[in-house]
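Because only heavy atoms are used, hydrogens play no part in the values below, and waters and symmetry mates are left out as well, while side chains stay in. The residues of the chain are indexed from 1 along the displayed sequence. The model shown is predicted, which means the values in this text are computed figures rather than measured ones.
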Amino acid sequence: PVTLGDRQPPSPRLFTADTLKAQFDGPLLSALQQKAKQAKATLFQVMLTAVAMLVQRRTGQEDMILSIPFASQGLARHGALIGDGVLDLPLRITCRANTSFDALLPHVKSQLLDALEHPLATQGSVARAIGRPSIGSRPPLTGVFFNFNPRVNLNGFAPLQASMVEARKLGLLSQVIFNFYDNVDALTLDLHHSTEFFSPQRASDLVSDLRSVVEGIAGLPAQTRIHGLLKSDWDQLQAFNATDTAYETGLRLGDLIQRTVKQTPQATAVRFEGRSVSYAELNDMAWALARQLRQQGVQPGTLVGVCLD
């Protein structure tokens, strides 16, 4: 199963959740709509492909199942039990590393159409068919859901003004729901996520990373993509390289090494191909080289060439 969160849920679970909101509008939305038109696809299919690309990049998992709430499903024994969110349609997607959007979109469209041929194939029925035991505390196949709500004409409420706002999720069985709304001038995202699986920072990173993927699909200048990386990966890289520290600028490298030799002679100075050299050993090697150079007639101020392999 796909795991996007950074927390291990407790046992027993409390099913606590929260919602993070985002919006795709302006030039970004226009570019997405144009991309969908060129590919003869819907925004539903474009954003589903974007989520699949995000999952692959965040987890490295190439074979995944995403689940889609499917309102037209009905249970064989309970025909009246239908509705959005009651049943879900598991969708298997294969997304190889570095697969482009243009290459992945036809596969997603094909898999989606194939899945719609079997509207009664829910996560539960598929799990039973393959002998996967029910866990009870989470969906049996995947906890990652994708939902796309089409544009709704609210003019029928005139002269009153009406708008649609998704309620904040306070409880959730699954890990995360990418819940989109196609509005007139914006595509909004309600990222419903289990706080037992996701820290607030992880949920925020997921939204930023999705925006990175969407910007790449739209072909717009990167706002959250830097050098082709997801924003969260770039932030982590920056943190790893935040090694600035105050030091005495008047000292030469040799002076700093000599100071370290005196303070911690057995500390590791160099590691290369499985071998480690301490500062004391490095100092001995440097003095041995100096003596050889002096024997060759090298004096202070003499230029000495260094061959680096």
Could you check whether any side-chain N or O of [X] sits under 3.5 Å from a backbone N or O of [Y], counting only pairs where one atom can act as donor and the other as acceptor?
X: Asp284; Y: Glu281; value: no
X: Gln175; Y: Val2; value: yes
X: Gln123; Y: Thr142; value: yes
X: Thr268; Y: Val270; value: no
X: Lys35; Y: Gly219; value: no
X: Thr59; Y: Gln61; value: yes

Residues that, via side-chain heavy atoms closer than 4.5 angstrom, fall in one hydrophobic cluster with [X]:
X: Phe272; value: none
X: Ile177; value: Phe145, Leu172
X: Val298; value: Leu289, Leu293, Val304
X: Ile130; value: Ile65, Val126, Leu141

Between Arg13 and Glu196, is there a side-chain N and carboxylate O pair less than 4.0 Å apart?
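Judged by the 4.0 Å cut-off on N to carboxylate O distance, Arg13 and Glu196 do form a salt bridge.
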Does Asp205 come within less than 4.0 Å of Arg202, counting only side-chain N to carboxylate O?
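No, Asp205 and Arg202 are not salt-bridged.
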With sequence neighbours excluded, give me every salt bridge (Lys or Arg N to Asp or Glu O under 4.0 Å) pair touching residues 140-157.
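The answer is Arg151-Asp182.
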Hey, are the side chains of [X] and [Y] touching, using non-hydrogen atoms and a 4.5 Å cut-off?
X: Phe197; Y: Leu4; value: no
X: Leu54; Y: Leu206; value: yes
X: Phe148; Y: Asn179; value: no
X: Arg138; Y: Pro9; value: yes
X: Thr3; Y: Arg58; value: no
X: Asp88; Y: Ile68; value: no
X: Leu187; Y: Met47; value: yes
X: Leu191; Y: Phe198; value: no

Sequence neighbours left out, what passes ring pair (Phe, Tyr, Trp, His ring centres under 6.0 Å) with Phe180? Give chain and number order.
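Residues passing ring pair (Phe, Tyr, Trp, His ring centres under 6.0 Å) with Phe180: Phe146.
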Residues which pass ring pair (Phe, Tyr, Trp, His ring centres under 6.0 Å) with Tyr181, listed by chain and number, not counting sequence neighbours:
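Tyr181 satisfies ring pair (Phe, Tyr, Trp, His ring centres under 6.0 Å) with no other residue.
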Calculate, to the nearest 0.5 Å, the distance between atoms [atom1] and [atom2] belonging to [X] and [Y] respectively.
X: Arg96; Y: Met53; atom1: CZ; atom2: CE; value: 15.0 Å
X: Asn283; Y: Ser278; atom1: CG; atom2: OG; value: 9.5 Å
X: Asn149; Y: Asn183; atom1: CG; atom2: CG; value: 9.5 Å
X: Gln266; Y: Ser276; atom1: CD; atom2: OG; value: 12.0 Å
X: Arg275; Y: Arg271; atom1: CZ; atom2: CZ; value: 13.5 Å
X: Cys95; Y: Arg57; atom1: SG; atom2: CZ; value: 8.0 Å

If you compare all heavy atoms of [X] against all heavy atoms of [Y], which two are closest, and at what distance to 0.1 Å?
X: Val214; Y: Ala50; value: CG2-CB, 4.2 Å
X: Ser174; Y: Ser194; value: O-CB, 3.5 Å
X: Ala115; Y: Leu91; value: CB-CD1, 3.8 Å
X: Ala41; Y: Leu105; value: CB-CD2, 4.0 Å

Test side chain to side chain contact (heavy atoms under 4.5 Å, CB included) on Phe178 and His192 and set out the steps.
CA-CA 7 Å; Phe178 293 87; His192 303 309; over 6 Å; no
Taking [Y] as the starting point, is it possible to reach [X] by hopping between hydrophobic residues whose side chains are less than 4.5 Å apart?
X: Leu112; Y: Val51; result: yes
X: Phe44; Y: Leu113; result: no
X: Leu116; Y: Ile93; result: yes

Asp114: which residues meet the side chain to side chain donor-acceptor pair (under 3.5 Å) condition with it, sequence neighbours left out?
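Listed in chain order: nothing, the list is empty.
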Partners meeting salt bridge (charged side-chain N to carboxylate O under 4.0 Å, His left out) with Asp18 (sequence neighbours left out):
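For Asp18 the salt bridge (charged side-chain N to carboxylate O under 4.0 Å, His left out) partners, ignoring immediate neighbours, are Arg168.
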Test salt bridge (charged side-chain N to carboxylate O under 4.0 Å, His left out) applied to Arg259 - qualifying residues, sequence neighbours left out
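Residues passing salt bridge (charged side-chain N to carboxylate O under 4.0 Å, His left out) with Arg259: Glu248.
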Without hydrogens or angle criteria, can the side chains of Thr99 and Gln56 be said to hold a donor-acceptor pair below 3.5 Å?
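Side-chain D/A pair, Thr99 to Gln56: absent.
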Scan side-chain atoms only and decide if Thr195 and Thr16 contain a donor-acceptor pair under the 3.5 Å cut-off.
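Yes, a side-chain donor-acceptor pair sits under 3.5 Å.
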Applying side chain to side chain contact (heavy atoms under 4.5 Å, CB included), run through Leu104 and Val108 and close with a yes or a no.
CA-CA 6 Å; Leu104 182 60; Val108 171; 3.9 Å; yes
Give the C-alpha distance, both sets of side-chain angles, the deciding distance and a yes or no for side chain to side chain donor-acceptor pair (under 3.5 Å) between Glu62 and Thr94.
CA-CA 6 Å; Glu62 298 183 341; Thr94 301; over 6 Å; no
Above 12 or not: heavy atoms from other molecules or residues under 6.0 Å from CZ of Arg92?
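Not more than 12 within 6.0 Å, no.
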Is the number of heavy atoms from other residues, nucleotides or ligands under 6.0 Å of Gln38 CD greater than 12?
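Result for CD/Gln38: enclosed.
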Take Gln45 and Thr42 through the test side chain to side chain contact (heavy atoms under 4.5 Å, CB included) and record every step on the way to the result.
CA-CA 5 Å; Gln45 295 165 337; Thr42 64; 3.3 Å; yes
List the steps and the verdict of side chain to side chain contact (heavy atoms under 4.5 Å, CB included) for Val277 and Met285.
CA-CA 10 Å; Val277 177; Met285 294 165 64; 4.2 Å; yes
Extract all donor-acceptor atom pairs below 3.5 Å that involve side chains of residues 20-33 and protein atoms in other chains or at least two apart in sequence.
residue	atom	partner	partner atom	Å
Lys21	NZ	Glu166	O	3.3
Lys21	NZ	Asp190	OD1	2.4
Gln23	NE2	Asp25	OD2	2.7
Ser30	OG	Gly26	O	3.3

Where at least one partner belongs to residues 290-306, residue pairs that pass side-chain hydrogen bond (donor to acceptor under 3.5 Å, both in side chains), sequence neighbours excluded:
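side-chain hydrogen bond (donor to acceptor under 3.5 Å, both in side chains) check on residues 290-306 returns no pairs.
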